[in-house]
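Structure first, commentary second.
Protein chains get the first letters and strands the later ones, always in sequence-line order, with residue 1 at the start of each.
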Number of protein chains: 2
Amino acid sequence: MAVLQLFDKLLQFPLFQGMSRDDLEIVAGHTRFGFMKLGAGKTVVKAGDTCNQLYFLINGILKVRTYADDYGYSVEEQMAAPNIVQLESIFGYYQRYTRDFVAQTDVNFITIDKEEVVRLTEDFLVFRLNMMNHFATQTQKQMRQVWNRQPQSLEERVVRFLSQHSYYPAGHKVFNILMTRLAEEVNDSRLNVSRVLNDMQYRGLITLSRGKIEIKQLERLLYTK
Amino acid sequence: MAVLQLFDKLLQFPLFQGMSRDDLEIVAGHTRFGFMKLGAGKTVVKAGDTCNQLYFLINGILKVRTYADDYGYSVEEQMAAPNIVQLESIFGYYQRYTRDFVAQTDVNFITIDKEEVVRLTEDFLVFRLNMMNHFATQTQKQMRQVWNRQPQSLEERVVRFLSQHSYYPAGHKVFNILMTRLAEEVNDSRLNVSRVLNDMQYRGLITLSRGKIEIKQLERLLYTK
């Protein structure tokens, strides 16, 4: 890949934003990048795989599938380029992916090995700060959630369940979940949950079929009230 | 403070663990440390204060107070040395404390300015990795919570509420919360919540008074079932 084109690709990612042209030239010249192309339907990583490199998605769309800890339900959503596959898995106590990532279209990645990532955090102040700011922000957002007032209506609790289980807070989602399980999760009866879901279907927000809730655009659920 | 004594103090903190004696000597010799002593009752930081330095608590006990976003309830707990005051506040999008920290006994701190912290992450690989591993671990733990099966009994939901709102997952806590609000938070009736709390009081796990739930040891709630 031509150096200039590589610059453009890297600059799409927040991790590299704010780096000077000189720094980027050094990064491009001294970092061992991998380039990977996968056809639609191919698996990129599976939940449980060790994370020893970062995948920068530069073209195409990934399908992301996440399972509940007891495999009682799962969620499918999409992730479009530019995006990094689970950046939070490369450090910390659980250095494995927790979701399946499958190519939905043909996809292209730039990959960087962990040791190269560590070297980038050493050599470039901006990269290091971007990394630490990213992690701290994620932590702050997550920690603050429990201090929000809990929603009082059942519909709001259902919507909160759906949004809390989405990796990306917008777009198309498919929840593979039985109504009895959703009722347990939001602490209400199956009948009430069914009523609320059917009303949401009537309003065109979701589509129901057995064991499945399809959401066309999550953002519509969050902002139409 | 003598250099050797400073070593010992720093080595108590996970951020410095794994650093070589040589590195620690450089840290001790080249870092601008502050030393701070506060009497019992004095405020260290308040929620909303800007975080531009790290407070390493090396002696004494702090009282930590956290408020719900709407100030509808608050939680008081204790934090003993060695401990760092809200490490996650020094980077990221919200670089302020989100809790009040007050000296409960006489307390001593080592303080390090943010620019010095940034320099430590630049100069020492181990410090930098400790920092990034800490943040990534916090993120991973927080992100995983929603994928656990929700508790089904009211008592379990109450216990989960209490533990999710504790900064440290053990020790003495005081929840300043009305039963009606707790009932809203766990999505049940005031009467049922009252029944469960009174039963827990009867078993010696908590002490109730108006608008207040005192927990002697949170770990007993979590592991006595």
Find the distance between [atom1] ([X]) and [atom2] ([Y]) and round it off to the nearest 0.5 Å.
X        : Y        : atom1 : atom2 : answer
A/Leu182 : B/Gln150 : CG    : CD    : 11.0 Å
A/Asp69  : B/Trp147 : CG    : CH2   : 9.0 Å
A/Asn187 : B/Asp188 : CG    : CG    : 6.5 Å
A/Gln145 : B/Gln145 : CD    : CD    : 9.0 Å
A/Asn130 : B/Phe91  : CG    : CZ    : 11.5 Å
A/Glu88  : B/Thr137 : CD    : OG1   : 11.5 Å

Between [options], which residue shows the highest count of heavy-atom pairs closer than 4.5 Å to chain A?
options                               : result
B/Val146, B/Val75, B/Asp123, B/Thr98  : B/Val146
B/His165, B/Met132, B/Arg157, B/Gln86 : B/His165
B/His134, B/Glu184, B/Gln95           : B/Glu184
B/Arg128, B/Gln164, B/Gln138          : B/Arg128

Sort [X] into side chain, backbone, both or neither according to what part of it lies under 4.5 angstrom from a heavy atom of chain B.
X        : answer
A/Gln152 : side chain
A/Phe161 : neither
A/Leu129 : side chain
A/Arg99  : side chain
A/Met131 : side chain
A/Tyr167 : side chain

> Does the salt bridge (charged side-chain N to carboxylate O under 4.0 Å, His left out) test come out yes or no for A/Arg149 and B/Glu185, once each step is laid out?
Replying inline: CA-CA 7 Å; A/Arg149 189 180 256 276; B/Glu185 292 286 326; 5.5 Å; no

> With only heavy atoms counted, which part of B/Ser89 is less than 4.5 Å from chain A, the side chain, the backbone, both or neither?
Replying inline: backbone

Please determine whether the number of non-hydrogen atoms from other residues, nucleotides or ligands lying under 6.0 Å from atom [atom1] of [X] exceeds 12.
X        : atom1 : answer
A/Tyr168 : OH    : no
A/His172 : NE2   : yes
A/Lys216 : NZ    : yes

> Could you go step by step and tell me if B/Leu125 and A/Val118 meet the side chain to side chain contact (heavy atoms under 4.5 Å, CB included) rule?
Replying inline: CA-CA 9 Å; B/Leu125 173 68; A/Val118 171; 3.7 Å; yes

> Does NZ or CZ of B/Lys141 fall inside the cone over A/Tyr94's six-membered ring, less than 6.0 Å from its centre and within 45° of the axis?
Replying inline: no

>> Among A/Thr139, A/Asp70, A/Ile90, which residue has the highest count of heavy-atom pairs closer than 4.5 Å to chain B?
In response: A/Thr139

